[in-house]
Amino acid sequence: MSLACAGLRALDFGKMVHGFIKKNDEIDSNLFVGSAMIELYSKCRMLDDALRVFEEYTQPDIVLWTTMITGFEQSGDAVEALSLFTRMVMLGRVCPDAITLVSVVSACGQLLNLKAGISVHGFAVKMGLYSGLSLSNAFLNLYAKTGCVNAASNLFKKMQEKDVISWGSLIACYAHNGAAKEALDVFSEMTHKRVEPNSVTVIGALQACEATCNLEEGKKIHEIAARKGFELDVLVCTALIDMYMNCGSPDEAVELFHRMTKKDAVCWAALLCGCVQNGMGGKSMGIFCNMLSSGIQPDAVVMAKILTACSELGILQQAFCLHGFVIKCGFSNNAFIGGSLIESYSKCCSLDNAIKVFEGINDRDIVIWSSMIAGYGMHGRGREALELFDQMVKNTTIRPNNVTFLSILSACSHVGLVKEGIELFNMMVHEYQLMPNSKHYGIMVDLLGRTGELDKAMGIINQMAVPGGPHVWGALLGACRIHQNTEMGEVAARNLFQLDPDHAGYYILLSNIYASDGKWDDMTKLRTLVKDKMLKKLSGQSRVEVRSEVTIS
DNA sequence: GTAGGGTTAG
């Protein structure tokens, strides 16, 4: 009876049954009833009541332990699930079986705790519990989530029995870890083996298309999804919207969005984000209003995205309006939103308000610190950015990450703090052992290039482990123009033409270098080449609101 | 007759 209630989430009725059982004194003697009651309360999100039933048993069996652990795990309380598991193992009265481990491994996956997962893996092998499909799938998912691509693919190869869940986990693993091609290969291998794709495998394959801007393949998968009726699935549609938006087909994304019968906050967020991505940020406020009037309560992610859209547009009034809404919805302490608010105010030319938001946040995570440092940098206040960075490093336990260094290095570069920039770059590599990416190198080249240290800038490019991207060569080209070094400018330009042959700005920069060096022949040749390619110099657009004296208190 | 696996987002 309780089981039936759990299935139906019929709490009131279940409680009545619980009362009846208690009155008849059956609960102590009947473990079946106990686990059914725990399941009922857990599924109704009443973990306290579930735990109370569990504690009534002085000698719970393995099923009872497992039900309680699973209850925590499925309610998203993985920490409690693992601590209960530890308690069970310490007591040593019952031995975990494969079913217990499924929930324990899932909890490790939720916490991205690979170390704990691996020790459970060892335990499972030792106990000979390792062959079950569900448990293998749970491990597969753990490796997928923690980015252990090799461990996941090795396990998959070894599995004798596989189902659509196994395939789905492997596809997601590849898709989320920069191996889109492998993800699509696995998807097609799966269909060749006549395993019917479900919504999860379709989502993984779509994400792989999205990551590589593979519109052609994305459309094929859309067809499969439509044939199987997955256009009714909001998660599949969200993945489709993301894919179309990222592949530069916003019209198809919008059309699909309008066809959707059920919409949640996540798919609205995908639409919003996609519009900004495709240069239609101006529509974002309208979309946000439509979402509100259709009765969807915005969640933290939607709020963060609409704020990002607003910072792209630079409309301060809109930032104030949204900030008020954030407060009204009770999101003031949300770290994502705090970071977006700081970014919005900084980009909307209101550093004072960004600082007020920063100071109003008690629990500052690394995103908050990095956003504020970036804010100072954007406004040319490099010294203050450095002070804030120092304060973070010295007074908190928060470790700067790649993004933090991007912000602080760019702050130094904006105001020409060369010595400090070099020190920070060395700190990043040696003290924090972070691997600089193309953007970091780009800033360093910019920093050195601006002050005329072109040879040092070139030296940095030559010592990079990866080939220089557009940030790097673009920064060097810009520096060569300022300091009139035609020879090095040509090297930089040649690399840029290869990286992005259609980018008009690079040709124009080089032709300006030729012009100031008096190389009129070279300049004319280049201009003709540009004309032949029918490139037009794109006029940069920026928008700044004129009246912006409002402040928040 | 009681317990088990995968997916959205800054």
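Here is how names work: the chains are called A, B, and so on, in the same order as the sequence lines, proteins then strands, and each is numbered from 1.
At the heavy-atom level, Leu133(A) lies under 4.0 Å from base atoms of the strands shown.
For Asn141(A), a side-chain nitrogen or oxygen approaches OP1 or OP2 of dT7(B) to under 4.0 Å. The side chain of Lys145(A) contributes no N or O atom lying less than 4.0 Å from OP1 or OP2 of dG6(B).
For Ser42(A), the side chain to side chain contact (heavy atoms under 4.5 Å, CB included) partners are Ile38(A), Leu47(A), Ala50(A), not counting sequence neighbours. In this view, Ser410(A) satisfies the side-chain hydrogen bond (donor to acceptor under 3.5 Å, both in side chains) rule with no residue, not counting sequence neighbours. For Cys273(A), the side chain to side chain contact (heavy atoms under 4.5 Å, CB included) partners two or more places apart in sequence, or in a different chain, are Lys305(A). Taking Gln74(A) as the reference, Thr70(A) meet the side chain to side chain contact (heavy atoms under 4.5 Å, CB included) condition, with sequence neighbours excluded. With sequence neighbours left out, the side-chain hydrogen bond (donor to acceptor under 3.5 Å, both in side chains) criterion links Lys228(A) to Glu196(A). Taking Ile355(A) as the reference, Leu351(A), Glu359(A), Met372(A), Tyr376(A) meet the side chain to side chain contact (heavy atoms under 4.5 Å, CB included) condition, with sequence neighbours excluded.
Screening residues 163-188 of chain A for ring-ring contact (aromatic ring centres under 6.0 Å, His included), with sequence neighbours left out, gives Phe156(A)-Trp167(A). Contacts classified as ring-ring contact (aromatic ring centres under 6.0 Å, His included) and involving residues 85-117 of chain A (residues at least two apart or in different chains) are not found. Pairs of residues two or more places apart, or lying in two chains, that qualify as salt bridge (Lys or Arg N to Asp or Glu O under 4.0 Å) and include a residue from residues 168-182 of chain A are Lys181(A)-Asp185(A).
When each of dA3(B), dG10(B), dG6(B) is scored by its nearest atom to the side-chain atoms of Ile165(A), the top-ranked nucleotide is dG6(B).
Of the residues in residues 193-204 of chain A, those placing a heavy atom less than 4.0 Å from an atom of DNA chain B are Asn198(A), Val200(A), Ile203(A), in numerical order. Less than 4.0 Å separates DNA chain B from at least one heavy atom of each of the following residues of residues 61-84 of chain A: Val63(A), Thr66(A), Thr67(A), Thr70(A), Gln74(A). For residues 222-251 of chain A, proximity to DNA chain B is found at Leu235(A), defined as any non-hydrogen atom under 4.0 angstrom from a strand atom.
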Quick one, Phe325(A) with Phe320(A), criterion ring-ring contact (aromatic ring centres under 6.0 Å, His included). Give me CA distance, side-chain angles, the key distance, then yes/no. CA-CA 9 Å; Phe325(A) 197 83; Phe320(A) 285 131; over 10 Å; no
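A donor-acceptor contact under 3.5 Å is formed by the side chain of Asp163(A) with the base of dG5(B).
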